[in-house]
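The figures here come from the full heavy-atom set of this structure, side chains too, leaving out hydrogens, waters and symmetry mates.
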Amino acid sequence: MANEVKRYLHDGMELPFEDWSKTLHSFNDLASIVQTTHDAAQSSAVKAINRMQTMRNWLIGYYIVEFEQHGKDRAEYGTQLLKKLEERVDRKGLTTTLFKWARKFYRLYPQMMENLPIPICATVMHQLQPIENKEDTIGASMTHQFVTPGKTIISHLSFTHLVTVKK
């Protein structure tokens with residue numbers, strides 16, 4: 001008789017586990033359960049990293065847009081803002097290209113704000129263009145009338161998926 005598979009759940013991540021204390025198992029059983037446990041943990045880790053990077057990129061876009069709309073240095077920086085930011089931050093992966101996509105991501109998906117524990121102040125762009133007017137918020141096509149909630153976006157799509165769709 002096989003053991004009942006239970007689930008260890010923590011912050012949306014899960015690992016299958018079985019009670020092995022009452023039965024004997026073969027070496028093949030051990031190898032199989034170790035592989036299954038590793039694969040499930042690795043899958044959860046990848047999902048967690050994707051969610052974190054997606055929110056990181058959205059927040060980077062938020063910060064850039066807010067700076068551009070309210071920052072005194074805007075005129076001085078001009079089109080060099082993102083290049084100077086890349087040089088100043090100096091972190092692997094944080095490039096001018098990522099900053100451009102993050103800014104666009106923030107503008108296209110204001111509903112990602114739903115994933116934050118507290119609301120942040122909307123940009124002037126979002127204040128002038130309320131979410132209730134869905135036809136104008138994201139685009140002109142009829143399909144944009146159905147805005148996907150931010151919690152659904154982050155749990156099903158990575159930033160890479162979203163960028164690929166918008167290219």
S.K.: Calculate, to the nearest 0.5 Å, the distance between atoms OG1 and CG belonging to Thr96 and Leu81 respectively.
M.R.: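 Between atom OG1 of Thr96 and atom CG of Leu81 there are 9.5 Å.
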
S.K.: So does Glu68 pair up with Arg107, basic N to acidic O under 4.0 Å?
M.R.: yes

S.K.: So do Trp20 and Asp29 actually touch side chain to side chain, heavy atoms under 4.5 Å?
M.R.: yes

S.K.: Do you know which of Leu24, Asn28, Leu30 makes side chain to side chain contact (heavy atoms under 4.5 Å, CB included) with Ser26?
M.R.: Asn28

S.K.: For Tyr106 and Ile64, run side-chain contact (heavy atoms from CB on, under 4.5 Å): C-alpha distance rounded to whole Å, both residues' side-chain angles, the deciding distance at 0.1 Å, then the answer.
M.R.: CA-CA 9 Å; Tyr106 169 71; Ile64 290 169; over 6 Å; no

S.K.: Could you measure the distance from the CD atom of Gln53 to the CD1 atom of Ile60? Nearest 0.5 Å is fine.
M.R.: 10.0 Å

S.K.: Do Glu86 and Thr95 have side-chain N/O donor and acceptor atoms under 3.5 Å apart?
M.R.: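 No, Thr95 and Glu86 have no side-chain donor paired with an acceptor closer than 3.5 Å.
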
S.K.: I need the Gln80 CD to Leu85 CG distance, nearest 0.5 Å.
M.R.: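 Interatomic distance, Gln80 CD to Leu85 CG, rounded to 0.5 Å: 12.0 Å.
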
S.K.: Checking Arg51 against Met55 for the side-chain contact (heavy atoms from CB on, under 4.5 Å) test, could you report, in this order, the C-alpha distance in whole Å, the side-chain angles of both residues, the deciding distance, and whether it holds?
M.R.: CA-CA 6 Å; Arg51 288 178 184 162; Met55 280 310 298; over 6 Å; no

S.K.: With sequence neighbours excluded, tell me which residues meet side-chain contact (heavy atoms from CB on, under 4.5 Å) with Thr36.
M.R.: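 Thr36 satisfies side-chain contact (heavy atoms from CB on, under 4.5 Å) with Pro16, Ser32 once adjacent residues are dropped.
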
S.K.: Any heavy-atom pair between the side chains of Phe99 and Leu94 that's under 4.5 Å?
M.R.: yes

S.K.: side-chain contact (heavy atoms from CB on, under 4.5 Å) between Asn50 and Val46: does it pass, once the steps are laid out?
M.R.: CA-CA 6 Å; Asn50 282 338; Val46 167; 3.8 Å; yes

S.K.: Give the intermediate values and the outcome of side-chain contact (heavy atoms from CB on, under 4.5 Å) for residues Arg103 and Asn57.
M.R.: CA-CA 8 Å; Arg103 183 172 54 193; Asn57 295 340; over 6 Å; no

S.K.: Identify the heavy atoms of Arg7 and Glu14 that sit nearest to each other, and give their distance.
M.R.: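 That closest heavy-atom pairing would be CD-OE2, 3.2 Å.
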
S.K.: Using the rule that two of Ile, Leu, Val, Met, Phe, Trp, Tyr join whenever any of their side-chain heavy atoms come within less than 4.5 Å, decide whether Ile49 and Trp58 are in one cluster.
M.R.: no

S.K.: On a heavy-atom basis, which atom in Leu15 and which in Thr37 lie closest, and how many Å separate them?
M.R.: CD2-O, 3.7 Å

S.K.: Considering only heavy atoms from C-beta outward, does the side chain of Met112 approach that of Thr54 to under 4.5 Å?
M.R.: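 A side-chain contact exists here, since the closest heavy-atom pair is under 4.5 Å.
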
S.K.: Using the test side-chain contact (heavy atoms from CB on, under 4.5 Å), find all partners of Phe17 that sit at least two apart in sequence or belong to another chain.
M.R.: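 If we apply the side-chain contact (heavy atoms from CB on, under 4.5 Å) test to Phe17, skipping adjacent residues, the hits are Lys6, Tyr8.
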
S.K.: With a 4.5 Å heavy-atom cut-off, do Leu82 and Lys100 have their side chains touching?
M.R.: yes

S.K.: For the residue pair Ser21 / Asp19, report whether a side-chain donor-acceptor contact shorter than 3.5 Å exists.
M.R.: yes

S.K.: In Å and rounded to the nearest 0.5 Å, what is the CG to CE distance from Asn115 to Met113?
M.R.: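 The CE atom of Met113 is 10.5 Å from CG of Asn115, to the nearest 0.5 Å.
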
S.K.: Could you pull out all residues at least two apart from Met52 that satisfy side-chain contact (heavy atoms from CB on, under 4.5 Å)?
M.R.: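 For Met52 there are no side-chain contact (heavy atoms from CB on, under 4.5 Å) partners, ignoring immediate neighbours.
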
